[in-house]
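Comments concern the structure below.
In this chain, numbering begins with 1 at the start of the sequence shown.
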Amino acid sequence: MTSTSEGRRAKAAKAPIVAGGHTRIRPFNTRDTYPEQNLDNDLCQAVVAGNTVYVRGQIGQNLDTSESVGIGDAGAQAEQAMANIAMLLEEAGSRMEHLVKLTIYLVDPRYREAVYRTVGRWTKGVHPISTGLVVSALARPEWLCEIDAVAVLPEEVRA
């Protein structure tokens with residue numbers, strides 16, 4: 001495949017779609033995301049339903065390249081996850097200041113301080129609610145934290 005057709009395919013994969021009356025941001029299939037597993041699920045990175053934006057759990061992975069970043073560094077993975085959330089909210093028509101809820105998953109409670117410091121920089125002055133959980137594992141062993149988000153669309157977008 002040429003770089004031009006790869007670029008077109010990447011852009012097409014990022015194009016929002018509407019299904020069930022809701023806008024799906026960055027649709028993908030798990031067979032591409034997890035080629036080593038026998039999966040075939042159509043998912044997306046965010047959904048705009050009414051005035052609410054739901055963002056799929058984000059990890060230390062570049063959404064454009066699928067490259068894992070910050071391997072072994074929970075703070076760096078949280079930084080990438082929050083950057084992904086900010087980018088997805090923008091693509092959905094929202095912004096970080098419209099966050100209402102975060103759920104933070106850690107594979108080890110010792111990562112809490114580094115992850116929460118990072119999240120705190122991204123949410124300074126926003127005051128979303130937050131739930132933190134310690135889980136036994138995430139989808140890949142190199143992922144140390146995962147953060148999902150709920151936000152609203154700003155008034156000017158709703159009109």
Side-chain angles (χ1 to χ4, degrees), residues 13-14 16-34 37 39 41-155 157-158:
K14 295 178 193 174
I17 61 170
V18 176
H22 308 297
T23 302
R24 315 302 171 139
I25 308 295
R26 291 188 181 238
F28 68 96
N29 188 286
T30 52
R31 73 177 166 269
D32 302 322
T33 306
Y34 305 99
Q37 299 176 11
L39 299 173
N41 301 13
D42 289 331
L43 300 173
C44 64
Q45 295 293 339
V47 174
V48 179
N51 292 329
T52 306
V53 182
Y54 301 91
V55 179
R56 178 178 194 260
Q58 297 298 307
I59 37 75
Q61 185 178 51
N62 181 306
L63 288 179
D64 292 325
T65 66
S66 297
E67 176 186 355
S68 287
V69 298
I71 294 175
D73 183 341
Q77 289 185 21
E79 184 70 30
Q80 181 66 53
M82 294 304 291
N84 290 350
I85 289 168
M87 179 174 61
L88 291 165
L89 289 178
E90 188 174 304
E91 289 178 19
S94 190
R95 296 182 301 278
M96 291 298 279
E97 60 262 31
H98 299 289
L99 278 174
V100 294
K101 183 175 190 334
L102 294 170
T103 305
I104 302 168
Y105 305 87
L106 303 173
V107 298
D108 188 319
R110 292 174 289 189
Y111 299 141
R112 186 176 190 275
E113 190 174 342
V115 169
Y116 277 67
R117 262 197 320 264
T118 301
V119 169
R121 281 194 311 275
W122 282 88
T123 60
K124 190 75 173 166
V126 177
H127 306 280
I129 61 173
S130 174
T131 299
L133 303 163
V134 177
V135 297
S136 61
L138 296 171
R140 293 196 187 272
E142 67 267 22
W143 295 339
L144 306 176
C145 68
E146 183 168 333
I147 306 168
D148 67 43
V150 179
V152 294
L153 291 176
E155 290 292 329
V157 173
R158 293 183 211 179

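Between F28 and R56, the closest side-chain pair of non-hydrogen atoms falls below 4.5 Å. By the 4.5 Å heavy-atom criterion applied to side chains, M82 and T123 are counted as neighbours. Contact check for E90 versus I25: no side-chain heavy atoms found under the 4.5 Å cut-off. Here the side chains of P16 and E91 are not in contact, with every heavy-atom distance at 4.5 Å or above. The shortest distance between side-chain heavy atoms of K101 and T131 falls below 4.5 Å. Inter-residue side-chain proximity for L88 and Q58 is flagged as met; some heavy-atom pair is nearer than 4.5 Å. Using a 4.5 Å heavy-atom threshold, the side chains of Q45 and L63 count as touching.
What you find for V134 and P109 is that their closest heavy atoms are CG1-CD, 3.9 Å. Closest approach of S68 and W143 over heavy atoms only: OG-NE1, 3.3 Å. Closest approach of P128 and L102 over heavy atoms only: CG-CD1, 4.2 Å. In this structure, C145 and A78 approach most closely via the heavy-atom pair SG-N, 3.6 Å. When all heavy atoms of G132 and Y116 are compared, the closest pair comes out as CA-OH, 3.2 Å.
For the residue pair N84 / Q80, a side-chain donor-acceptor distance below 3.5 Å is found, with atom types taken as modelled. Between D148 and Y105, the side chains place a donor N or O and an acceptor N or O closer than 3.5 Å (distance only, hydrogens not considered).
A distance of 12.5 Å separates OG1 of T52 from NE2 of H98, quoted to the nearest 0.5 Å. Note that the CD1 atom of I85 and the CD1 atom of I147 stand 5.5 Å from one another [nearest 0.5 Å]. Summarising the geometry, atom CD1 belonging to I71 is positioned 7.5 Å from atom CD belonging to Q77; distances are rounded to the nearest 0.5 Å. In this structure, the separation between CE on M96 and NZ on K124 is 14.0 Å, given to the nearest 0.5 Å.
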(request) For L106 and R112, run side-chain contact (heavy atoms from CB on, under 4.5 Å): C-alpha distance rounded to whole Å, both residues' side-chain angles, the deciding distance at 0.1 Å, then the answer. (result) CA-CA 7 Å; L106 303 173; R112 186 176 190 275; 3.7 Å; yes

(message) What verdict does the side-chain contact (heavy atoms from CB on, under 4.5 Å) test give for V47 and R24, after you've listed the backbone C-alpha separation in whole Å, the side-chain angles of each residue and the deciding distance to 0.1 Å?
(response) CA-CA 5 Å; V47 174; R24 315 302 171 139; 3.7 Å; yes

(request) Could you walk me through whether D108 and L144 pass side-chain contact (heavy atoms from CB on, under 4.5 Å), step by step? (result) CA-CA 8 Å; D108 188 319; L144 306 176; over 6 Å; no

(request) Could you check L99 against L89 for side-chain contact (heavy atoms from CB on, under 4.5 Å), going step by step and ending with a plain yes or no? (result) CA-CA 9 Å; L99 278 174; L89 289 178; 3.9 Å; yes

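Atom CD of E113 has 12 or fewer neighbouring heavy atoms from other residues, nucleotides or ligands inside a 6.0 Å radius. Within 6.0 Å of CD in E142 there are more than 12 heavy atoms belonging to other residues, nucleotides or ligands.
Using modelled atom types, one side-chain atom of Q61 and one backbone atom of S66 make a donor-acceptor pair closer than 3.5 Å. No donor-acceptor distance shorter than 3.5 angstrom exists from the side chain of T23 to the backbone of V48, with no hydrogens or angles considered.
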